[in-house]
Participant: 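Handing you this structure, nothing more for now.
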Amino acid sequence: MVTAKVWVLKKHFEGFPKTSDFELKQIELPNLKDGEVLLESVFLSVDPYMRPYSRRDMKEGDIMIGTQVARIVESKNPVFKEGVFVVARGGWRTHFISDGKDLQLLPSGWPESLPKSLALGTIGMPGLTAYFGLLKVCKIKPGDTVLVNAAAGAVGSVVGQLAKIGGCKVVGSAGSDDKVAYLKKINFDEAFNYKTVQSLDEALRKASPDGYDCFFDNVGGEFATAAIKQMKKYGRIAICGAISQYNESLPQKGPYVQVPMLFKELQMEGFIVTRWDSHREEGLKALLKWVVEGKVKYCEHVTEGFMNMPMAFIGMLKGENIGKAVVKV
Ligand SMILES: NC(=O)C1=CN([C@@H]2O[C@H](COP(=O)(O)OP(=O)(O)OC[C@H]3O[C@@H](n4cnc5c(N)ncnc54)[C@H](OP(=O)(O)O)[C@@H]3O)[C@@H](O)[C@H]2O)C=CC1
Ligand SMILES: CCCCCCC/C=C/C=O
């Protein structure tokens, strides 16, 4: 008999999540039936979507939603051998049982030397978000100027690097000087700290006086309002996230985007990465290749210990991470 530790949503988040909104519980797992596998989480992901999706999809008392890289410790399913690592949607649990249907093997050719946690970040859902958001929504082409915010995070850092591979000029904004230094290190053409600039309008204009062809928006709110005004004619805006609004209790007034959208004939499209699930393998293969070749660099913000899942999640929402925020069990 295996005892799993799990983190439960004790109380729906009101405003910014607090550690008291979570509760640690223990669950006895039953013996495996034919076709099932027992998994042990090795790395767990903490992601912004957990904040809005908890309200939409969960009730109080549910185990927190989430994905992990897990190792199969016992198998009664011929497809999954013991010792194999998979990406699973098991939620915040140390151990869990699956019938195998929701498990994804790491992409073939994954080098032994590459951290398996990257399957939650650069070579996982956030990397795919950058890949499909740029190719299918922004439709980047060589010579475009691409703006991305939350640029030092899991999605943003890949957006900037892929746009550079695609022959674009890249401008990124992030919330600390260390993050800005990181963006310069990974080849962003221009980067600024949105928390310390005198004026967002001026910072955006200085970074690209001619304006922006593409805006990959992870943040929304005040930043997006300023950025939309500086789009070039026929510019494309990909609404990937709105993290500045996830913890707002009251609906915000504005921004009103119709005037710049109209006179600059802009396109704006929201997207969820799962739209391209049928092309997932293609995206992961491309990301793995670029990482192995050193063309896409990665950085991870690793919190040690399953006990610290709530702190890791809250820390990511506060902006403590450079690169992907993960928890090592
Ligand atoms: N559409 C889709 O399918 C997907 C969308 N997303 C979205 O992409 C965005 C980035 O996700 P991800 O890369 O995983 O997370 P990150 O690794 O970028 O971590 C979140 C970052 O958001 C920034 N941030 C937090 N609060 C604010 C705020 N109030 N204003 C501005 N920035 C803030 C912080 O960076 P800083 O210090 O720079 O402020 C923080 O580090 C999120 O909006 C997320 O919801 C993610 C995956 C899939
Ligand atoms: C369990 C994986 C769900 C992935 C979908 C993430 C979509 C994110 C939207 C905003 O952050």
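Remember, it's 1-based here, ligands and their atoms both numbered in the order they're listed.
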Participant: Quick one: is the NZ or CZ of Lys5 closer than 6.0 Å to the six-membered ring centre of Phe306, and within 45° of its axis?
Facilitator: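 Here Lys5 fails the 6.0 Å and 45° test against Phe306.
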
Participant: Quick one: does Lys179 get an N or O within less than 3.5 Å of an N or O on ligand 1?
Facilitator: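 Checking ligand 1 against Lys179, an N or O pair does fall under 3.5 Å apart.
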
Participant: Look only at interatomic distance and state if Ala154 has a nitrogen or oxygen under 3.5 Å from any nitrogen or oxygen of ligand 1.
Facilitator: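 Looking only at distances, the answer is yes, because the N/O contact criterion of under 3.5 Å is met.
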
Participant: With atoms numbered from 1 as shown, which atoms in ligand 2 lie under 4.0 angstrom from a non-hydrogen atom of Tyr49?
Facilitator: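 Contacts of ligand 2 toward Tyr49, numbered from 1: 1 (C), 2 (C), 6 (C), 8 (C), 9 (C), 10 (C), 11 (O).
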
Participant: Please say whether Ser244 places an N or O atom under 3.5 Å from an N or O atom belonging to ligand 1.
Facilitator: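 Ser244 vs ligand 1: no N/O contact under 3.5 Å.
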
Participant: Examine Val155 against ligand 1 and note whether any of their N/O atoms are separated by less than 3.5 Å.
Facilitator: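 Yes, Val155 has an N/O under 3.5 Å of an N/O on ligand 1.
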
Participant: Look at ligand 1 and say whether Glu320 reaches it with a heavy atom at a distance under 4.0 Å.
Facilitator: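 The answer is no: ligand 1 sits nowhere under 4.0 Å from a heavy atom of Glu320.
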
Participant: For Cys240, is the nearest heavy atom under 4.0 Å from an atom of ligand 1?
Facilitator: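 Right, Cys240 reaches ligand 1.
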
Participant: Can a non-hydrogen atom of Phe223 be found less than 4.0 Å from any atom of ligand 1?
Facilitator: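 In this structure, Phe223 fails to qualify as a contact of ligand 1 - no heavy atom is under 4.0 Å.
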
Participant: For ligand 1, which is the ligand I care about here, please tell me if Asp47 has any N or O atom under 3.5 Å from one of the ligand's N or O atoms.
Facilitator: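 In this structure, Asp47 places no N or O atom under 3.5 Å from an N or O of ligand 1.
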
Participant: Check if Ala242 has a non-hydrogen atom at a distance under 4.0 Å from any atom of ligand 1.
Facilitator: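 Ala242 counts as a contact of ligand 1 under the 4.0 Å cut-off.
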
Participant: Please work out which of Val273, Asn218, Ile243, Val148 has its closest non-hydrogen atom nearest to atom 3 (O) of ligand 1.
Facilitator: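 Looking at heavy atoms only, Val273 sits closest to atom 3 (O) of ligand 1.
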
Participant: I'd like the name of whichever of Pro48, Gly175, Gly153 reaches closest to atom 15 (O) of ligand 1 through any heavy atom.
Facilitator: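 It is Pro48 that holds the nearest heavy atom.
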
Participant: Among all protein non-hydrogen atoms, which one is nearest to atom 19 (O) of ligand 1, and what is the separation to 0.1 Å?
Facilitator: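 Going by distance alone, atom 19 (O) of ligand 1 is nearest to Asn321 ND2, 3.4 Å.
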
Participant: Quick check: does Phe271 get an N/O under 3.5 Å from an N/O on ligand 1?
Facilitator: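 Yes: some nitrogen or oxygen of Phe271 is under 3.5 Å from one in ligand 1.
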
Participant: Quick one about Ser117 and Lys324 (side-chain donor to acceptor, distance below 3.5 Å, no hydrogens or angles considered), yes or no?
Facilitator: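 No - no donor-acceptor pair under 3.5 Å links their side chains.
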
Participant: Given salt bridge (Lys or Arg N to Asp or Glu O under 4.0 Å), test Arg55 with Glu14 step by step and report yes or no.
Facilitator: CA-CA 10 Å; Arg55 177 62 73 176; Glu14 296 293 344; 3.4 Å; yes

Participant: Would you call Lys136 and Glu282 a salt bridge, taking side-chain N to carboxylate O under 4.0 Å as the test?
Facilitator: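 No, Lys136 and Glu282 are not salt-bridged.
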
